[in-house]
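One structure below.
Worth saying up front: this structure is predicted, and the values here are computed from it rather than measured. Proteins get letters first, then strands, A, B, ... in listed order; numbering begins at 1 in each. We use all heavy atoms of the structure for the numbers below, so side chains are in, but hydrogens, waters and symmetry mates are not.
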Amino acid sequence: MNKRLVSFVIKLILFTLVMSFFAWSFKSGYYQLIIDDAEGFIFLLIQHIHMVALSSFLAIVLAIPMGILVTRPKFQKLQWLFMNTANLGQTIPSLAILALAMTWMGIGFKPAVFALFLYSLLPILRNTVAGIKSIDPDLLDAAKGIGYTPAQILLKIELPNAAYPIMAGIRTAVVINIGTAALAYLVGGGGLGDWIFTGIMMRDNSYLLSGAIPVTLLALLADQLIRAAEKLIVSKGLRPSAAVSD
Amino acid sequence: MIKFDGVTKVYGDKVKAVDDVSFEVPEGNIVVFLGPSGCGKTTTLRMVNRLESITEGKIFVNGTDVNSLNQIELRRNIGYVIQHNGLFPNMTIEDNVMAVPNLLSWDRKKKTDRYNHLMDLIGLNPDEYRKRYPHELSGGQQQRVGIARAMAADPPVMLMDEPFGALDPVIRSRIQNEFLQIQQEVKKTILFVSHDIDEAIKMGDGIAIFEGGKLMQYDSPSELLARPKNEFVREFVGQDRALKSLSLHTVKDLISERMLRKADGLQKHNKKTITVETNLRDALSILLNQEADQLFVQANNKLVGAMRIDDVEAYLHHHIK
Amino acid sequence: MNEIWNYIIENQASIGAYMLEHIQLVGLSVIIAIAIGLPLGIYLTTNEELAETVLQVANVIMTVPSIALFGIMIPILSIINHGIGFVPAVIALILYSQLPIIRNTYVAINNVDPHIRDAANGLGMSTMQRLLRVEIPNALPIIMAGVRQAVVMNIGIGAIAAFIGAGGLGVLINQGISRSNTTMVLTGAIAISILAIVADGLLGILQKRMTPKGFQQ
Ligand SMILES: Nc1ncnc2c1ncn2[C@@H]1O[C@H](COP(=O)(O)OP(=O)(O)OP(=O)(O)O)[C@@H](O)[C@H]1O
Ligand SMILES: [Mg+2]
């Protein structure tokens, strides 16, 4: 059978399934809550975004410098420690991190943001270190040889050439963050998870979908936005095939 | 211009990569470092711009001890080319070539002019390549851009570590020729690492042969071929060193020694013509391939004489051995 | 610390049962996921157009937050009376496993050295023989890496599935929160983390064992 046709048919089926889901859920009035309680929805949405933005921002401004630091020759020894901690930390489930933050800091917005921050540090740190380390040593040698200072090597060679993995790390972190923030309800952090968990407890499809669909769209949107930013930030000279992916 | 004075490099506390090396390179000369893998060529080269520290001894560039200079300053005044060209993949060709001028904050006009000039010099169209990235160029083109980058700020000294190592023989030979032509114009003092004796003979005003970190012989190519100082050098230049030395001479030399014969008009049926610039090694191989038993020699499109195998042999005998 | 220790000693039977439930949930899901993902990944190496589509879809699924996926599945599965419990949990875990398993299978088989493939053809192997004797063994370490990734991820998502009644170690966190019992929450969090770390370690060893000697550095 024609391969293109198979592919097309499968796409069509998936598209139809998604569309019929939306048609069905709309018809059943499951999104009415977003309109009826618009104020509450916007409050939770903003709370959600606030949590994600704050924790991601903190993670980025800490993890990238940290990654830069441990790739300096002086700190070579720390690198092993940091990478292994990051790898181990990523094995720990997000729910566990959230729960641990709560038992330590109590409930509320702060422990939620702290847990999200901690959890997003890891992929960014790991990708920053891996990205910088994967740069061809010849490049650094050439840069040194024509008289770049260490700061210029970092800014003009290392960071631009590691931009793709670093951005991929940020993307992974933010997307995971949006999902984990939906669990913040459990530690009293608020966000759209409030509605999802209410929906689960009350078996109420309106709460479920009015919470779950916006969270999903938020994650997909963030993913797309960061991919677009990648295209702008990462130099055209770096073919994605040559870059390390997450 | 460049002077090595008892230079030694020890890695860690054991590996003696360079061992008490002393020699001088006159201004405007190309000196080729030659020797087996691991003999210390790269290390010797990299001590000049202090990419490696000097364990003992001194290196002078233009009479100044390199250790007394600011390291960044020093490197900006020395062009550096490495084997896999080390172009920055995140930068356009223009930004690559202008890397050092950018560091030196030249004004825009000066940079554009310099870029255009360099690209013309290496035979690439400035506008066509300006906005391209390194991966969009062939290996040979990248190599040439690497050379342009090293020459950007017009450094009087260039260090080149197997700059043509990654190229196939045909392109390699072409770039060697182009490079020699450029050198005619710019007259830089160049240290050039190579693996290849033929490349060394072709490119070098002087050849420095290393073995185990020691300088075995430093001489002009013809001297080196004619009088290898020891067994190692003799082995290294090969059994065919007499033959190799022929490539240092052209048919012109034959003429100046009055060894060219009159063109024998009767043998026109087996005619093969070469120019006076042809080197004797190539001439000999044409004769040996029996493409002709006699070669006609042209200068400025005029027949000036003819030559046979015996003539090459006689020349070899009287002027090279 | 002492409290946790006491709690574990006192409740070892129920904690053990939760642990077992958790392992069953993850184990069953991953086995089904392999049964789907492996053949699919292999098939996709023969149809690039479709491979792109499938990997894109798997990528999108991966982007959907797990609690949101549960939220979306509950209304749908309620239609067949399985809105909460084991079924939605297994389905979600299978879906999430698809990306690492399919992608790694696809990439690994595509990356088998063409010379090896040529040699197999030269020996007169049929497509099936080549697949079973040459391509899959050579691709196995990378496929295992995908399975390992899926298992570790699923242990974490399985914990969240406790909130939709799928059981497992997440129950400790769920109940601990509603009873404001910090010890219980901590015990749950630590047990899940240990389970994930141990599974990662064991599968890592297995992955190394499967790597042919010649490939190891
Ligand atoms: N960073 C280093 N640390 C320790 N030893 C080194 C280092 N760099 C080079 N060496 C050693 O020093 C010796 C000389 O190395 P060098 O790179 O100068 O050789 P080379 O002549 O350039 O060889 P090749 O032709 O293979 O490039 C070798 O024995 C090498 O193993
Ligand atoms: Mg070398």
*Considering residues, nucleotides and ligands other than B:Tyr11, do more than 12 of their heavy atoms fall under 6.0 Å from its OH?*
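Atom OH in B:Tyr11 is crowded, with more than 12 foreign heavy atoms closer than 6.0 Å.
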*asked:* Counting only heavy atoms not in B:Lys58 (residues, nucleotides, ligands), do more than 12 fall under 6.0 Å from its NZ?
replied: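 Check fails, neighbour count at 12 or below.
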Which bit of [X] comes within less than 4.5 Å of chain A, counting heavy atoms only: side chain, backbone, both or neither?
| X | result |
| --- | --- |
| B:Leu87 | backbone |
| B:Ile78 | backbone |
| B:Pro89 | both |
| B:Arg132 | neither |

*When only pairs under 4.5 Å are counted, which of A:Ile157, A:Asp136, A:Asp141, A:Thr149 shares the most heavy-atom pairs with chain B?*
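Heavy-atom pair counts peak at A:Asp141.
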_Only pairs of heavy atoms separated by less than 4.5 Å count here; which of A:Asp138, A:Asn161, A:Val234 has the most with chain B?_
A:Asn161
_Quick check: do A:Ser235 and B:Tyr133 have side-chain heavy atoms less than 4.5 Å from each other?_
yes
*Minimum heavy-atom distance B:Gly86-A:Ala142, with the two atoms named*: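 The answer is O-CB, 3.6 Å.
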*Taking every non-hydrogen atom, the tightest pair across B:Leu103 and A:Gly147*: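 So the minimum-distance heavy-atom pair works out to CD1-O, 3.6 Å.
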*Say you draw a straight line from CE of B:Met91 to NZ of A:Lys236; how long is it, rounded to the nearest 0.5 Å?*
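With rounding to 0.5 Å, CE (B:Met91) is 15.0 Å from NZ (A:Lys236).
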*Find the distance between CD (A:Gln152) and CD1 (B:Ile72) and round it off to the nearest 0.5 Å.*
7.5 Å
*Based on non-hydrogen pairs under 4.5 Å, which of B:Gln71, B:Arg46, B:Arg149 is most in contact with chain A?*
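Most heavy-atom pairs under 4.5 Å with chain A: B:Arg46.
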*Pair listing, side chain to side chain donor-acceptor pair (under 3.5 Å) test, anchored in residues 109-124 of chain A, at least two apart*: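 Side chain to side chain donor-acceptor pair (under 3.5 Å) check on residues 109-124 of chain A returns A:Ser120-A:Asn177.
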_N/O donor-acceptor pair under 3.5 Å between B:Asn90 side chain and A:Lys156 backbone_ = yes
_Side chain / backbone / both / neither for A:Ala143 at chain B, heavy atoms under 4.5 Å_ = both
*Residues A:Ile146, B:Arg76; criterion side-chain contact (heavy atoms from CB on, under 4.5 Å); working and verdict*: CA-CA 5 Å; A:Ile146 61 176; B:Arg76 287 180 190 174; over 6 Å; no
